[in-house]
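Report on one structure; see the data block that follows.
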Amino acid sequence: MRRALIALLLLAPLGFLLFRLFVSGAEDPIKYIYTVTGGTALTLLYATTSLSLLRRAVNLVRYRRMVGLFAFFYAALHLG
């Protein structure tokens with residue numbers, strides 16, 4: 001249950017990106033996709049590193065791999 005909730009939370013930037021592109025209509029879609037996916041990938045990489053550093057205070061180390069894979073997913077979208 002927690003993994004599904006975290007996965008939905010990590011997919012929220014993609015949903016917001018798609019909503020903004022298809023419903024709201026961004027001015028420059030390529031630049032918007034490039035900016036959002038790059039920023040999200042960088043934020044998730046920082047979060048993955050922080051989960052490792054805060055393992056004594058917060059017990060979220062078991063979700064570190066999933067957060068890292070989502071960071072890779074957004075980085076791949078950024079480069080693609």
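For the single chain, residues carry numbers from 1 onward in sequence order.
The distance from atom CD1 of Ile30 to atom OG1 of Thr35, rounded to the nearest 0.5 Å, is 11.0 Å. One distance of note links OG1 of Thr40 with CZ of Phe73; it measures 10.5 Å at 0.5 Å rounding.
Under the ring pair (Phe, Tyr, Trp, His ring centres under 6.0 Å) criterion, the residue pairs touching residues 25-47 are Tyr34-His78, with sequence neighbours excluded.
Both Ile33 and Tyr74 are part of a single hydrophobic cluster, where members link through side-chain heavy atoms under 4.5 Å apart. Grouping the Ile, Leu, Val, Met, Phe, Trp and Tyr side chains by contacts below 4.5 angstrom, directly or via other members, places Leu77 with Phe22.
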For residues 4-21, run the donor-acceptor check on the side chains, cut-off 3.5 Å, and write out each pair with its distance to 0.1 Å, sequence neighbours left out.
none

Result block: side-chain N/O donor-acceptor pairs under 3.5 angstrom for residues 61-71, not counting sequence neighbours:
from	atom 1	to	atom 2	distance (Å)
Arg64	NH1	Ser52	OG	3.2

